[in-house]
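Worth saying up front: this structure is predicted, and the values here are computed from it rather than measured.
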Amino acid sequence: QVQLVESGGGLVQAGGSLRLSCAASGRTFSSLSMGWFRQAPGKGREFVASIRRSGSFTRYDDSVKGRFTISRDNAKNTVYLQMNILKPEDTAVYYCAAKEGLGYGPQESLYDYWGQGTQVTVSS
């Protein structure tokens, strides 16, 4: 079993930045591929970014490319999402997710473990 705890959400003005963190426990962190997803009010959960176990490969949704950066520190069992140039449409609950193995695709169904989520609100 893997436990995931997100932090770093909050209220920010458009154009601002936030860094989300997700601390993992219960498994060897370096064996997990990690992802970030988000769910806006009234919408389904959608893929934001993912990172392979070693951190060498990343993937982003087109809506965040060039603005968001996913990274991980395997020594700290933590994955990060640096969010820059935030827009009101980025407002959502952001979820950290983990999966065993090499794959780091955008499909929600691939991920075995989920955090509780952290709210990000971007004001215009």
Side-chain angles (χ1 to χ4, degrees):
Q1 193 72 10
V2 175
Q3 292 78 45
L4 302 171
V5 179
E6 302 98 334
S7 61
L11 174 64
V12 64
Q13 287 189 330
S17 298
L18 281 175
R19 188 175 82 154
L20 305 183
S21 300
C22 172
S25 61
R27 280 280 196 277
T28 302
F29 185 66
S30 58
S31 71
L32 302 171
S33 293
M34 303 296 295
W36 286 98
F37 291 76
R38 65 186 181 186
Q39 186 168 18
K43 295 187 177 182
R45 193 152 54 184
E46 64 179 17
F47 171 76
V48 175
S50 59
I51 187 165
R52 205 169 171 180
R53 298 186 305 185
S54 66
S56 299
F57 297 96
T58 58
R59 179 172 288 165
Y60 296 92
D61 184 77
D62 286 346
S63 64
V64 306
K65 275 182 185 175
R67 300 189 298 123
F68 291 11
T69 303
I70 188 171
S71 62
R72 63 190 296 159
D73 186 336
N74 286 352
K76 294 184 177 180
N77 294 348
T78 301
V79 63
Y80 304 97
L81 186 68
Q82 177 67 43
M83 306 185 295
N84 298 329
I85 318 175
L86 282 160
K87 303 176 181 180
E89 51 263 44
D90 295 318
T91 294
V93 176
Y94 283 71
Y95 296 91
C96 174
K99 66 175 297 295
E100 307 276 3
L102 288 174
Y104 61 113
Q107 297 87 356
E108 187 177 340
S109 60
L110 291 176
Y111 293 81
D112 305 303
Y113 309 101
W114 294 84
Q116 293 300 306
T118 185
Q119 176 71 47
V120 171
T121 303
V122 184
S123 64
S124 57

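The distance from the CE atom of Met34 to the OG atom of Ser71 is 11.5 Å, given to the nearest 0.5 Å. Taken to the nearest 0.5 Å, the CG atom of Asn77 stands 8.0 Å off from the OG atom of Ser25. Here the CZ atom belonging to Arg72 is positioned 13.5 Å from the CG atom belonging to Leu81, to the nearest 0.5 angstrom.
Leu18 is listed as a side-chain neighbour of Leu86, based on a closest heavy-atom distance under 4.5 Å. Side-chain contact check for Ile70 versus Val48: every heavy-atom pair is 4.5 Å or farther apart. Within the 4.5 Å cutoff, no side-chain heavy atoms of Thr118 are placed close to those of Val93. Asp61 is not listed as a side-chain neighbour of Glu46, based on a closest heavy-atom distance of 4.5 Å or more.
Applying the ring-ring contact (aromatic ring centres under 6.0 Å, His included) test to every pair with at least one member in residues 103-124, sequence neighbours left out, gives these pairs: Phe37-Tyr111, Phe37-Trp114. Legend: ring-ring contact (aromatic ring centres under 6.0 Å, His included) pairs involving residues 57-96, not counting sequence neighbours: none detected.
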**Arg45/Arg38 under side chain to side chain contact (heavy atoms under 4.5 Å, CB included): CA gap, chis, key distance, verdict** = CA-CA 5 Å; Arg45 193 152 54 184; Arg38 65 186 181 186; over 6 Å; no

**Asked** Is there a side chain to side chain contact (heavy atoms under 4.5 Å, CB included) between Arg27 and Leu32 once you walk through the steps?
**Response** CA-CA 8 Å; Arg27 280 280 196 277; Leu32 302 171; 4.2 Å; yes

**Request:** Please report the C-alpha distance between Val5 and Gln116 in whole Å, then the side-chain angles of each, then the deciding distance to 0.1 Å, and finally whether the side chain to side chain contact (heavy atoms under 4.5 Å, CB included) criterion is met.
**Result:** CA-CA 7 Å; Val5 179; Gln116 293 300 306; over 6 Å; no

**Request:** Give the C-alpha distance, both sets of side-chain angles, the deciding distance and a yes or no for side chain to side chain contact (heavy atoms under 4.5 Å, CB included) between Val79 and Cys96.
**Result:** CA-CA 8 Å; Val79 63; Cys96 174; 3.9 Å; yes

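No continuous path of ILVMFWY side-chain contacts below 4.5 Å connects Trp36 to Leu110, so the two sit in separate hydrophobic clusters.
Among residues two or more places apart in sequence or in another chain, the salt bridge (charged side-chain N to carboxylate O under 4.0 Å, His left out) test is passed with Arg19 by none.
Between the side chain of Thr28 and the backbone N or O of Ser30 there is no donor-acceptor pair closer than 3.5 Å. A distance-only check finds no donor-acceptor pair linking the side chain of Glu6 to the backbone of Ser21 [under 3.5 Å]. The closest donor-acceptor contact from the side chain of Gln82 to the backbone of Thr69 lies at 3.5 Å or more, if one exists at all. Distance alone, capped at 3.5 Å, places no donor-acceptor pair between the Arg67 side chain and the Met83 backbone. When atom types are taken as modelled, the side chain of Asn74 and the backbone of Arg53 share a donor-acceptor pair closer than 3.5 angstrom. When atom types are taken as modelled, the side chain of Ser31 and the backbone of Phe29 share no donor-acceptor pair closer than 3.5 angstrom. Listed for the Ser33 side chain is a donor-acceptor partner under 3.5 Å among the backbone atoms of Gly103.
Taking all atoms of both residues into account, the shortest heavy-atom contact from Leu4 to Ala24 is CD2-CB, 3.6 Å. Contact record, Gly105 with Arg59: CA-NH1, 3.0 Å, taken as the closest heavy-atom pair. Closest of all the heavy-atom pairs between Ile85 and Asp90 is O-OD2, 4.4 Å. Contact record, Thr91 with Ala40: O-CB, 3.6 Å, taken as the closest heavy-atom pair. Across Asn84 and Ser17, no two heavy atoms sit closer than the pair OD1-OG, 2.9 Å. Among all heavy-atom pairs drawn from Lys43 and Gln39, the shortest one is O-NE2, 2.9 Å.
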